[in-house]
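Report on one structure; see the data block that follows.
By convention in this document, chain letters (A, B, ...) are assigned in the order of the sequence lines, proteins followed by strands, and residues within each chain are numbered from 1. Bear in mind the structure is a predicted one, so any value in this text is a computation, not a measurement.
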Amino acid sequence: MEYNFRAIESKWQQHWKNSGTYKVSNDSSKPKFYVLDMFPYPSGAGLHVGHPLGYIASDIYARFKRLKGYNVLHPMGYDAFGLPAEQYAIEHGVHPAVSTKQNIENFRRQLDKIGFCFDWDRQVNTSEATYYKWTQWIFLQLFKSFYNRNNSRAESINNLVAAFETTGNSDHAFPNANYKLASGSKTFSAEEWKSFDEFTQQSILMEYRLAYCGYGEVNWCEALGTVLANDEVINGVSERGGHPVVKKKLRQWYLRITAYADRLLEGLERIEFSDAMKEMQSNWIGKSYGAEIDFRILDHDDILKVYTTRPDTIFGVDFMVVAPEHELIEKITTKKHRQEVEDYLAYVKSRSERERMAEKKISGCFTGAYAINPLNLREIPVYISEYVLAGYGTGAIMAVPCGDERDFRFAKHFEIPITNILGDKFNGEDANPTYDAELQDSDFLTGMMMRDAAEVVVTDLEGYGRGKRKVNYKMRDAAFSRQRYWGEPFPIVWKNGIAYPLNEKELPLELAHVESYKPGPEGEGPLANIPAWIARDLETNTMPGYAGSSWYFLRYMDPQNEVEFCSREASDYWGQVDLYIGGTEHAVGHLLYSRMWTKFLFDLGYIGHDEPYKKLVNQGMIQGSSRFVFRIRGTHQFVSAGLKDQYETDQLHVDVNMVDGFELDTEAFKKWRNGEYANAEFILEEGKYICSAEVEKMSKSKFNTVNPDDLVEKYGADTFRMYEMFLGPVEQSKPWDAKGIEGVHRFLRKFWRLFYDEIKGRVWTEEKPTDAEYKALHKAIKKIEEDTERFSFNTAVSTFMVCANELSELKCNKKAILEPLLVLLTAYAPHTAEELWSLLGNSGSVLDASFPVFEQKYLVESVKEYPVSINGKLRTTMVLSLDATQQQVEELVLTNDTVLKWLEGKSPKKIIYVKNKMINIVV
RNA sequence: GCCCGGAUGGCGGAAUUGGUAGACGCGUCAGACUCAAAAUCUGGUAUUCGCAAGGAUGUGCAGGUUCGAUUCCUGUUCCGGGCACCA
C-alpha cells in the first residue's frame, strides 16, 4: 500500500467539508484562541507561493491550539477593493465586481487544495455591500465624533455642539493650531457660535470631526486626465505612457489619526509586537519635544514660525529654510529674486515627496528676505529648499549648520558663513549634532551645557511671547479618499458646500454601476460621470484600500449580523486576536489604522478592548526574481540592459513569464497589458533584448509571482505545507526556490512506510516499545511542542525527519510510538495524519485527539560526552558522569593523553568546567 | 536621504541563555539492489595541508570585550522591506 497522497488529500478535504470539521462556535466551554492571517487582496494572478507561507504557519498554530484544547477561531476572507481590479477593468472592460468574483473563486480553489482549517462560513469580502455597509457605518461614527482632548477619548460631536452653545470653544481649541475664523480669531463665544450661519458652524465642526474634509496634494497626470497612485509614477512620469506628473491640490477626506498619536504609542507597551515593529511604529508617529519659535521678517508684519527640537542652538542659526509650499513665500520674496523663486517652485512641483527626501543634491534659492533672531536680533537670510517638507512641523526651520548635517551641506553649497557655537566640538568639516557640548559664542548661554540650555531658551522666549514649548508629531492625518471607482462610496451628500451624513437607515450606499472607469472632470473619480449619482449630490470620492481592513477582524466574530457590525457579546467572547500573522510591509499602514479604529470603537463603547492584536508574528517575505526593461524617457523605445547607460531611461517591471532567463520575448511584450506596448521599438544587443534582474518581494504588481498549484499537484498539499515551513524561519525573508521539495516528499513517504509497506502492506504492530523507541518519541514530542509554540516551524519539520530516521533505523513499527507521533504531525501534514489515524482504527478526526504529553523520564541520561578545549580550541572529547564535580573533572582531564600532549608539560592556569556544557583548559 | 531588518558550506538553513559551527534537507560523489531504469538503501561531502595520524583556516568586512563570540559592543559594506494613493 503506497502513499497515494492525491487520493488521500481529496478524500479528506471532501470529508472535512461535509462534516463541518472546521466550523467554530461562539459558544464553548473551552478557552478561546483567535488566530488571524492578514487577508489577501485577490489579484488576477492568483495565489502565489508567498501567500501560503503565513497561512500555513497560522494553520499549524491553530491546529496545535485545537489539539491543546482551545476553541480556535481561524477565519479567512478577501480585501477585495483596490486599484488593480480597476486597472484591469480599464484594460479589459471587465467590471471589477466580475473580475473580483472570479479571482476570489480562484483563490478559494487554491486555498482549499492546501488543506487549511478555515471556517469558511465566516468568510468576509470587503467589496460586498453586506460588509461595506458597516465600513460606511463606522465611517459615519467617525464623521459624527470628535476627539475630546480633556478626557482623551472620542465622543459624539453633539457633545461638542452642546459645549459650543454654553461656553464657545474655550474648552476645545481648534485641533489645528493655525486655524482661524474669518475674523482672524482662534476662539469664539457661545453667543458668537449661535450667531454663525450653518455654513460657518459646519465648517467649524469639520475642524473637529475624526473623519473630515480638507485639501491635499495628489499625483496629477494631465495627459491621462487622472490622479495616479505613487506606484504608477516612476521618476516623475507616469508608468503608463511616460507622461509628466505634477502635484495638484484636491479636496480630500482625512482621518484624524493624530488625535490618537499618544494612545497609539502607549498601546505599544501592552502588545507583543517585535521590538523592530514597535520601533517602526513609534518612529512613524515621531513624537518629539521642542519649541515653536517666532521669527519676525525684516520690513514685514509677518511672523515666520519654526518648530525646532533644538532651541539650545538658537545662537547658531545662520539662515532659515521654508518649504516650497510655504504661504509666506509669495509675500516676502523680493522683486530681485522673484523669477529665480518661481523657477525653483516649478521644479519642485514636479518632484514627489519621496524624491525630495531622498535627494542628495542640494537645491534651493534665496527669497531676498531676512528673518530676525528673536534673542539677538541678528538678521538671517530666508531660503527655500525642497528638503523642508510642508507637512512636518510648521514647514519652516531655523538652520544651524554647525549642528545639523543637511543644514551644513546647504550652507556650504550656498557659501553661507557658519557660526560655531560648539567650540572645539565642531571641526568645520562635519556638523556635530551633540547635546554634550559647552555652548560658545551664544550670548547669555555661553558656557552652559547644551542639554540644559533648551529649557532656558524656551522659558526666555515665552517671557517675550516669542515662542512656546511644543510637542510635535511626524505622523500626519491619514488621507482617506481616492479619486477611484472600486472602493467604498462615502455615505455623504454635499449641499451648498456642506457635507451631510446619510441616515444610517439608508446604508449601505451601494456602489453605482458605471459604463466607463474613466476619471471624472477635474480629477474627480469615475462616480462623477454618473448623472444619477451627481443628481443626489453624493460624494464622488471613494474610500482607500485600508478602510475595509481596519476592522475586518471584528466582523469574523459575527459575520452574518445584520443589525450590528459585530455584537458586543461576540466581541467580548473572542476579544483580542491572540495571534496575528502577516508581513512587515504593513508595519505602519494597516497596523496603525486598525489600531486606531479599534481605539475609536472602544471609546464609543462598541467593543471592550482597545488593542486589536495581542501578539503579532511577522512572516518574512518570499522573494521573487523580477525582470526589468528600460524605456527611453519620453519615447516608446526600449533599450537592452547592457546599453541603458547611454540613454536617460525609466526602469519598468515586465512579467517574468515573458522572459527566458534574461532575454525578453519582444513579441509577447508587444501584446502584453492589452497592447499597452504594441508600438514598442527595441534597441537590442547582439540581436537580443536583455532584461536586468532584481530580487524583490513576490507580488503581482512586480510581475514576478510563482503559483503553488503545480507543486501541490505534483507532490501534494502536505508536502507543500511542510516544504514552505522547511524553507527557513517564518520571520525571515527568502527567495523562492522549489528544488528542495523532494526531500520533504521523501520524508512523508518514509513516514508512511513506518505504517504501510508497498509490498508487505500493513507493518504496524501492537508490540510494546523499547526504551530507545520511547526516547526517540519523547525527544520529538518535546522539541516539536517547543518549536511549534515559538513559531520555529522549520526546526520542527527537521525534528520529524530525525525522528522518522531514528524509528526506521530501530525498525520500529509500533502503534504505541507511531500513534502519538501522528497527533504531532496533524498540524503540519493534516491529510496524511487523518488517513493514518483512521487506518490505525480510530474513528473521528485526529484533530479531536489530545496532544501527547512529554515525559522527562524517557530522556534521562547519566553521562555526557564533553568537548574539551585548550585555550578555547577544541582538542578532544571525554565522556563524563553528569554529576561529576569540578575536582573530579580536573583530575580526570589531566589523565587524558590529548590534554597532556597539548599541555607540553606545563600546568594549567585554570580549568573551566560548565556542567552539561563544556570543559576549557587555560594554559 | 530617513526608519527597520538580514548576511553562516555549492544551495535552503541549524546552533533556544556567550560553551563541540554546519543538525535536517537539497545537490553532488562512491557503493548496494536491478538486464537496465525508477524507487529504495548504505557511506562520504566547509576550505586547505597531509598517505595517514593530525594540523591550519573558517559564520559579509575591520576592530573590541571574554577562558571561550555565529551569539555581546563599536565601525563599515552589500542585500531586502517601508517612507503616507500597491495591498
Check every atom of B/G80, B/A56, B/C4 against the side chain of A/Arg875 and return the nucleotide holding the closest atom.
B/A56

Between A/Lys474 and A/Gly393, is there a donor-acceptor pair closer than 3.5 Å when you use the side chain of the first and the backbone of the second?
no

Need the glycosidic conformation of B/G75: syn if within 90° of 0, anti if not. Which one?
anti

Taking the side chain of A/Glu353 as heavy atoms from C-beta outward, which of B/A56, B/A84, B/A87 is closest to it?
B/A84

With P as the reference atom in both, quote the distance from B/U70 to B/C61 in angstrom, rounded to an integer.
11 Å

Please check the phosphate of B/C4 (OP1 and OP2 only) for any side-chain N or O of A/Lys278 closer than 4.0 Å.
no

Against the side chain of A/Asn794, the closest entry in B/A87, B/G81, B/A14 is B/A14

Minimum heavy-atom distance between A/Ser481 and A/Gln252, given as atom pair plus value:
OG-OE1, 2.6 Å

According to the Watson-Crick and G-U wobble definitions, with both distances under 3.5 Å, which nucleotide is paired to B/C11?
B/G25

Just N and O in the side chain of A/Gln732: are any of them under 4.0 Å from OP1 or OP2 of B/G5?
no

Judged by modelled atom types alone, do A/Glu696 and A/His653 share a side-chain donor-acceptor pair under 3.5 Å?
yes

Output yes when at least one side-chain N/O atom of A/Trp486 is less than 4.0 Å from OP1 or OP2 of B/C85, else no.
no

For A/Gly77 against A/Phe39, the heavy-atom pair lying closest together:
O-CB, 3.3 Å

Check this for me: does the side-chain of A/Glu279 come within 3.5 Å of the base of B/C3 through a donor and an acceptor?
no

Is the phosphate of B/C41, meaning OP1 or OP2, less than 4.0 Å from a side-chain N or O of A/Arg753?
yes

Just the rounded figure in Å: distance from P of B/C24 to NZ of A/Lys783.
13 Å

Shortest non-hydrogen contact from A/Leu821 to A/Ala780?
CD1-CB, 4.3 Å

Between B/A56 and B/A69, how many Å separate the two P atoms, rounded to a whole number?
15 Å

Compare side-chain N and O positions of A/Lys901 against OP1 and OP2 of B/G55 and report whether any pair is under 4.0 Å apart.
yes

Which base sits across from B/U17 as a Watson-Crick or G-U pair, both distances under 3.5 Å?
none

What integer distance in Å separates A/Leu591:CG from B/C4:C1'?
14 Å

C1' spacing across the pair B/U71 / B/G19, given as an integer number of angstrom:
11 Å

For A/Pro40, answer base if it contacts any base atom (sugar-phosphate contacts may also be present), sugar-phosphate if it contacts only those atoms, and nothing otherwise; contact means non-hydrogen atoms under 4.0 Å.
nothing

Atom pair distance, as rounded to whole Å: CG in A/Asp477 and C1' in B/C85:
16 Å

Please report the distance separating the P of B/G43 from the corresponding atom of B/A7, rounded so that it comes out in whole Å.
32 Å

B/C85 phosphate, OP1 or OP2: any side-chain N/O from A/Arg482 under 4.0 angstrom?
yes

Does NZ or CZ of A/Arg753 lie under 6.0 Å from the centre of the six-membered ring of A/Tyr3, at an angle within 45° of the ring axis?
no

Kindly say if A/Arg354 contacts the phosphate of B/A84, meaning a side-chain N or O under 4.0 Å from OP1 or OP2.
yes

Map A/Gly743 and A/Ala358 onto RNA chain B by nearest heavy atom, then report which one ends up closer to the 5' terminus.
A/Ala358

A/Lys910 side chain N/O closer than 4.0 Å to the phosphate oxygens (OP1, OP2) of B/C67?
no

Phosphate contact (B/A38 OP1 or OP2) by A/Arg749 side-chain N/O below 4.0 Å
no

Same-atom distance (P) from B/A53 to B/G60, integer angstrom
30 Å

Nearest-nucleotide 5' precedence on RNA chain B, A/Asn920 against A/Asn805
A/Asn805

Using the P atoms only, state how far B/U40 lies from B/G58, rounded to an integer number of Å.
40 Å

For B/G9 and B/C29, measure between their C1' atoms and round to the nearest Å.
16 Å

For B/C85, does OP1 or OP2 lie under 4.0 Å from any side-chain N or O of A/Asn541?
no

Taking only N and O in the side chain of A/Lys697, is any of them less than 4.0 Å away from OP1 or OP2 of B/G82?
yes

